[in-house]
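Before any comments, here is the structure.
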Amino acid sequence: MNRGSNPANLLASNAEAGNGIIEAAGIGQTDGVGVAGQSSLSLARMLLDAQILSPREVEEAQRAARREGQSLGSFVVLDGLVSSRDLATLIALNLGLSMVDLRGQTLDPETVDLIPEEVARKYLVLPVKRTGNVLTVAMTDPADLQVLQDLSACSGYRINPIVATREDIQEHVDLSFRLTAKAVSAKGEQGPDSPGERLNARLLREAGPAQVINMLLAQALQDRASDVHIEPSETRLRIRFRIDGILHEVMDLPMDMHPAVISRLKIECGMNIAERRRPQDGQLDFQAQDRRVDVRVAISGTVNGEMAVLRILDNKGFTLLGLEQLGFGEEARERFQRLLQVPYGMVVVCGPTGSGKSTTLYASILQMNRSEKKVISIEDPVEYHIAEVNQMQVQADVGITFASQLRSILRLDPDVILIGEIRDQETAVIATQAALTGHLVLTSLHANDAVSAMLRLRELGVPAYLIASSVAGIVAQRMVRSVCSNCRAVEARPLAEQQAYASELGQQRQRFVYGSGCNMCAHTGYYGRTGVFEIMTMTDRIRQLFLEDAPRNVLLAQALDDGMTLLRRDGMLKVDQGITTPYEVMRVLFTLDSASENTGSGNSGTAPTGGGESEAGVAVISG
């Protein structure tokens with residue numbers, strides 16, 4: 001046996017065996033099956049011929065598969081005997097079939113619906129294409145004659161099987177049919193009795209409050225959502241997911257479900273179930289897809305009842321990124337890395353909530369030699385754990401605040417101090433003083449741009465001389481959605497987008513890269529996000545102007561003279577590279593002032609997505 005054998009090399013001699021499958025099966029077109037195969041015995045022969053498993057291993061796997069009611073293919077993959085990709089390659093070569101990567105396919109919902117979800121999940125198959133009376137179906141084991149016959153019977157089409165990996169099919173079955181009650185339960189409970197049903201309002205109405213929460217969280221995890229919004233109105237309970245920074249309508253539930261769902265959330269988070277007027281915060285743990293997910297819950301009253309927002313912190317799904325993966329251009333990355341190499345001083349990362357400040361701070365720590373430097377962080381909360389970093393948690397209820405903890409940190413001989421956020425004068429003053437006493441301080445601040453961050457520190461009560469002498473540099477950032485790599489295409493865009501692009505780069509252009517929408521990006525045209533950055537290095541001239549209380553426009557002009565690139569320009573440079581779109585840059589970065597420079601630029605761009613998308617949650621404070 002040779003576990004490391006390459007199926008592609010070992011199976012070249014089996015081509016003739018694959019060509020004789022139809023005759024061996026004895027199935028003709030009258031049975032509704034275009035290509036049929038043998039039972040799991042043929043897969044066993046493939047594994048033996050390819051020397052992937054020994055005869056003893058195959059025999060034991062067959063017995064175990066029969067005992068557990070699984071197919072041989074499913075068992076050897078789940079048990080780790082064979083990788084799913086090697087198994088798919090093995091089957092495709094032996095049967096003379098095509099192997100497909102479903103991430104590169106655009107699936108038609110009507111075609112997918114030709115096979116019921118219950119059947120698709122039972123056999124782990126997915127319809128890919130329909131041509132005349134032939135239905136092309138991605139499968140893990142196209143040599144299973146019974147499955148082919150069942151698929152033909154339930155769809156009414158001749159089946160043309162193609163091969164895909166188990167994980168690929170499972171992922172796209174979930175994406176295509178969304179998540180069912182069969183998929184999840186945080187407490188190990190079973191969902192409703194109909195595992196083939198879609199997760200919809202009717203399915204949730206039939207579930208208990210605990211199951212409703214579990215199913216919503218599991219679907220949010222599947223959809224890469226960062227937040228789940230549960231919002232009551234006079235007539236409905238609105239459910240929305242925030243995906244890549246955009247709120248998407250998911251479904252409406254009847255208002256009679258609202259009290260039970262909110263009460264269950266309070267119980268799971270340890271909140272006061274009788275308190276309905278004051279805001280409450282809590283946390284719960286959610287178990288799904290063999291991983292533990294932390295969920296932060298905030299509940300607050302409205303005129304229609306209590307609303308809840310569930311922030312999903314997927315520690316296992318989250319990967320700490322390096323600077324090169326955040327979206328820094330080459331020049332910007334070099335400027336930022338020089339800031340991280342200063343022996344002491346303060347580096348401030350600023351932007352609104354959800355702009356990726358914490359991710360940039362974590363990536364900055366990863367750039368450092370943590371074996372030679374002692375790194376201590378104080379965060380509220382500690383969202384993700386970093387190896388070789390001493391991370392501390394703010395606990396205001398016992399008197400552990402940013403300011404109080406900073407004083408103790410200075411006695412622990414740190415080289416680098418990461419402060420999650422500067423929120424008040426005391427924290428700001430201690431941070432600037434620490435930066436002057438031989439420590440590199442990394443922190444975040446709520447400010448719109450780099451120059452505004454300096455003014456914000458002064459507004460917090462930090463003396464101008466402390467700011468000028470301690471701050472080494474300021475990074476302002478935003479997050480924009482990236483064009484889907486699978487369905488990207490060049491298309492003409494409205495005049496406002498052309499003008500916005502030309503105003504920043506001085507180039508005339510009518511056509512830009514957009515995503516047309518595919519299965520991989522859930523037909524939004526975007527997949528994932530990237531950063532847009534503005535880096536201001538504190539030069540002697542900027543320090544002098546700041547001490548002289550120069551106005552904002554003078555400080556900005558000096559920063560531009562010193563080589564700073566504005567957020568809008570960096571965004572349009574990414575448009576030029578085909579990373580994002582003019583619409584996305586305008587949506588995230590263009591203010592009323594910048595929009596007035598381009599006629600109607602704030603409203604004319606339309607997203608290349610369909611309906612069901614609400615781009616922002618709007619907060620109004622009156623009186």
How about Gln544 and Asp540: does a side-chain donor come under 3.5 Å of a side-chain acceptor? no
Going by distance alone, is a donor N or O of one side chain under 3.5 Å from an acceptor N or O of the other, for Tyr344 and Thr437? no
Going through the checks in order, is the side chain to side chain donor-acceptor pair (under 3.5 Å) test met by Thr565 and Asp570? CA-CA 7 Å; Thr565 299; Asp570 190 48; over 6 Å; no
Note, [X] side chain near [Y] side chain (heavy atom, < 4.5 Å):
X	Y	result
Val347	Phe336	yes
Ile417	Leu406	yes
Glu504	Leu573	no
Leu440	Asp415	no
Thr443	Val349	no
Met536	Leu555	no
Pro414	His439	yes

Give a yes or no answer on whether the side chain of [X] reaches the backbone of [Y] with a donor-acceptor pair at less than 3.5 Å.
X	Y	answer
Asp244	Arg481	no
Glu534	Ala450	yes
Gln477	Gly531	no
Thr427	Asp424	no
Arg543	Ala468	yes

Carboxylate-amine/guanidinium proximity below 4.0 Å for [X] and [Y]:
X	Y	answer
Arg238	Glu231	yes
Arg541	Asp561	no
Glu584	Arg587	yes

Under the side-chain contact (heavy atoms from CB on, under 4.5 Å) rule, what do Met368 and Leu442 come out as? Steps first, then yes or no, please. CA-CA 12 Å; Met368 300 177 180; Leu442 306 178; 3.7 Å; yes
Is it the case that atom [atom1] in [X] sees more than 12 heavy atoms from other parts of the structure closer than 6.0 Å?
X	atom1	answer
Glu331	CD	no
Gln507	CD	yes
Asn553	CG	yes
Gln510	CD	no

Over 60° means perpendicular and under 30° means parallel, so tell me whether Tyr514 and Tyr526 are parallel, tilted or perpendicular. perpendicular
Does NZ or CZ of Arg423 come closer than 6.0 Å to the centre of the six-membered ring of Phe402, within 45° of the ring's axis? no
Can you confirm whether or not the ring centre of Tyr501 sits under 6.0 Å from the ring centre of Phe512? yes
